[in-house]
Every structure is written in C-alpha cells, then in structure tokens.
Amino acid sequence: MAVDPLIELRDVNKYYGDLHVLRDIDLTVGKGEVVVIVGPSGSGKSTLCRTINRLETVESGTVALDGRPLPEEGRALARLRAEVGMVFQSFNLFAHRTVLQNVSLAQVKVRGRKKGEAERRSRELLDRVGLAAHADKYPAQLSGGQQQRVAIARALAMDPKALLFDEPTSALDPEMINEVLEVMRQLAREGMTMVVVTHEMGFARSAAHRVVFMADGRIVEDRTPEEFFTNPHSDRAKDFLSKILKH
Amino acid sequence: MNVLTDNLPLFGEGFLGTVELTVYSSLLALALGFLMASFRVAPVASLRAVGTVWVAVLRNTPLTLLFFAVLLGLPRFGLVLPFKVFAVLALGCYTSAFICEALRSGINTVPRGQGEAARSLGMTFGQTLTLVVLPQAFRSVIPPVGSTLIALAKNSAIAGAFSVTELLGTYKTLGELGYDVVWTFVWIALGYLVVTLAISALFTALERTWGVAR
C-alpha cells in the first residue's frame, strides 16, 4: 500500500535511563495513510508518536519526514515540525489566549500570514469542527471535547502534511469522545496522513488502513485492521485483544 | 525633629540617589535575569551552563564582596567608570541571579504541554518562550520579583559605603553636623519606606491586572 513514504523510522532505539522504551523500531507511513497504534500501556506507543516530531529524542536510528531526516535542534527542526500537526491527550491549548488566537498564533508567527488572513482561515477551520460560535472564548470555558476539536483546528491551520494524535480521546468524558472521533474520521476520509495512538478500537477498525500493535517497546504486528482484529498472529496481541474486546 | 527640614536638600539628594540606583539596577537585573532564565531553560547545554554558573557565583557572593570586586577589580583591567555605574553593575548583576531563579520557578509552573504544543506547531525556542511560556509564567512571578526588587532597594545602601550618593550615606554628614542620630535614622528609614512601598504598590497593581485569575 505504501506508495509514497511520508514518515520513515529506521532502527529507532530510545532509553529512559536503563529502561529500553523503543526497541529497533521500523515504521513507514505512506502519504494519505491512516496508521493506528495500539497496545498495552507502557508499551511505548506515545513515545513512538512523539519521536516522529522529535518531542522525544532518540538514542539511535533515524526519523525522516518526506525524505528529509529530522535535524537535532534549532530552526531547521522547527520548520519540519510545522509540517506535522500534533494533537495531545491533554489538549494543551494556550491557556492565556482565546480560541481564535490559539488557532491563529502559529499561522502568523511561523507561516508568516497576515493577521486578517490567518483569522479568516481560523474561523473557517473552527466552523469545520463546529466551534465557530466559540472563537472568542478562552480554552478553560470549553468542554474537553470542544477543546480537543480546537486543538485539531489549530494543527490543521498550519496545513500540515501529516497529523499525529497522541491518545486524543483518553482524557475525555465518554459522551464527548464521539464528537472528536467524528472529526478525525472526516479527516481520514479526506486523505490526511494520520498516526493515531488510541484505545478506541472502533476507530481503528473503521478508519485505519493499518494497525500497529506494540508491546514492550517493540512493534509486534503491523497489519490491516481486518486481519489484526479477526486473526492476530502473536500471543501478545491475542491476549491484549481478549482483554479489551470482551466487554 | 528639625533634622529633616534643616537638611532637605541633603536628604533630597540622598533620596534621589537611592531611587536612581534602584531604578537603573532594577532594569539591569530584570534584563539580565530574563536573559539568564532563558539560558537556564535553553535546549543548548552550553547556554544552560552559563546560566547555572552565573546564578551560582552571584547568588553565593556576599554583596559587599561583590562591590569590592567590581569597584577595585574592574579598574585593574583598565575599565574605569564612575562609581555610580559600578554600583549599578554590582547591584544589577547580583539581583539578576535572584530574578533569574524567580522567573525560572514561574516557567516551571507552566505545564510542559504548553511548550510542547508550541514547538509542535513549528515555533522556535525563542517564540515558544516569549509567546507561550513567559506570558503564563509572568502571572505567577509578580510577587517574588516584587520582593526581590524591594531587597534590591535596601541593598543599594551598601553603595553609600563606596562613596556613591544615596540615602543611608547622609547620616555621616548629619552626624558630623551634630544632629541627633536617632531622628536622622528615623527619616532615613521613612525614605526607604517610600521607595519600597512604591515598589510594592506597583507590583500590587501589576498583580491585579495580570495576576493568576482565581
């Protein structure tokens, strides 16, 4: 399926002190692909997701975006990060800025757009995630689901080549999970390249092209959702699925 | 009692000297403190080292010793400036170490995710710090920075011992003129109160406008 690779990780290893959290990770995500990463907690899924835009440094191996390896630090890294949007578990909207400013800030400061142009784009995106009426509120005045949709709009405002989702619904009340997943499904349908770390198996089944199953810092399986959910190869995946799919 | 009214010009000169020392040193301390705090949280190890050494040296040197080092030491390297400028340098650098640490504690109150979100949007370290982290840190550092600047105002008295015109130094002249030392000190103390209360009023106002909303 991987026609045109956008995100490439080769032999990536990462340690937290003595703890080997990522072991020889090889992963390629093609343009337009939706890859969902699942696995037990502590398996390294979030860390893997965060290495893609170098919020986590790696001890060995290479991470490349669109064929260009990620630089160590500085402006070159910042430029590449602007090409990859990220959505966090805890939303991380800028608490001292309004919703509109949250979406506009990086457009102006990083992309160099005019303020008016940035705000027009922001309102367009807020409208798309169903929050046009909340543009002038502060993040603390919104529900978790609304905050996360603003965070998605903020990431989209940079016109990224890919979006990373690090457990985007794990901090949400159950009734708000769907409004966020719906936005994500829509993005997937439109052909956005996405890497999604999640526990939402329904989303993995319906929206993913590939499911990557991780355990103990390794990629154990990397297959289509259909194959993974109906016929997992490894005992580790069988055990994992039996625990989460029973009830 | 008439020590004040008889010597108003002398007190006035001393008071202005203290105000001047306080204002210039505060500006220097805030600028350097800001710079050093940025260094201490920078992703570049050598910058972090500079910030750490700066704070360790200046925070742990007695201020009087620092005055000696600046006033007697710098001229040996050919740097000769008015004593007042030396005093501002000593006071400003000394206080910048405390400002730096107050700012850094404020930076640490801002959740990590705020900086991560900014960086993930492609902001540089400088943009992340000035647009996202510091504006939020600013709210929580208003009280400790106020305290540090009040300490600075009082520390400026040491400059008097190095023949810089300031408020405390007036007691020598007045003592020689035969005025009661107790009343002299009462008026001097009131002079310092005016400066320190002005600083606390300023910071109370800042906190009301910018402080953390509860």
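Chain letters run A, B, ... following the sequence lines, proteins first and then strands; every chain starts at 1.
Of the atoms belonging to A/Leu93, it is backbone heavy atoms, and not side-chain ones, that fall under 4.5 Å from chain B. For chain B, the nearby part of A/Phe88 is the side chain; its heavy atoms alone come within less than 4.5 Å. Only the side chain of B/Gln127 comes within less than 4.5 Å of a heavy atom of chain A; its backbone N, CA, C and O stay farther away.
Here the side chains of A/Arg154 and B/Leu121 are in contact, with some heavy-atom distance below 4.5 Å.
What you find for B/Ala117 and A/Phe94 is that their closest heavy atoms are CB-CE2, 4.0 Å. Annotation for B/Met123 and A/Ala78: closest pair O-CB, 4.0 Å, computed over non-hydrogen atoms.
Between the side chain of A/Asn53 and the main chain of B/Ser120, no donor-acceptor pair closer than 3.5 Å is present. Side-chain N or O atoms of B/Gln136 include none that pairs as donor or acceptor with a backbone N or O of A/His96 at under 3.5 Å.
Of the residues considered (B/Thr124, B/Val110, B/Val44), B/Thr124 shows the highest number of contacts with chain A, using heavy-atom pairs under 4.5 Å. Of the listed residues (A/Leu77, A/Leu164, A/Leu55), the greatest number of heavy-atom pairs within a distance under 4.5 Å of chain B belongs to A/Leu55. Options A/Arg81, A/Lys109, A/Arg54 differ in how many heavy-atom pairs under 4.5 Å they form with chain B, and the most are formed by A/Arg81. When each of B/Gly126, B/Pro111, B/Gly115, B/Pro43 is scored by its heavy-atom pairs under 4.5 Å with chain A, the top score falls to B/Pro43.
By the 6.0 Å contact criterion, CZ on A/Arg75 is open, its count of non-hydrogen atoms from other residues, nucleotides or ligands being 12 or less. More than 12 heavy atoms of other residues, nucleotides or ligands sit less than 6.0 Å from atom OH of A/Tyr16. Few gaps surround CD on A/Glu190; more than 12 heavy atoms of other groups in view lie less than 6.0 Å from it.
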(request) Assess whether side-chain contact (heavy atoms from CB on, under 4.5 Å) is satisfied between A/Arg97 and B/Leu131, documenting all intermediate values. (result) CA-CA 10 Å; A/Arg97 301 269 185 163; B/Leu131 295 171; 4.1 Å; yes
(request) Tell me, with the steps shown, if B/Glu116 and A/Arg50 meet side-chain contact (heavy atoms from CB on, under 4.5 Å). (result) CA-CA 10 Å; B/Glu116 287 181 351; A/Arg50 290 160 56 88; 2.7 Å; yes
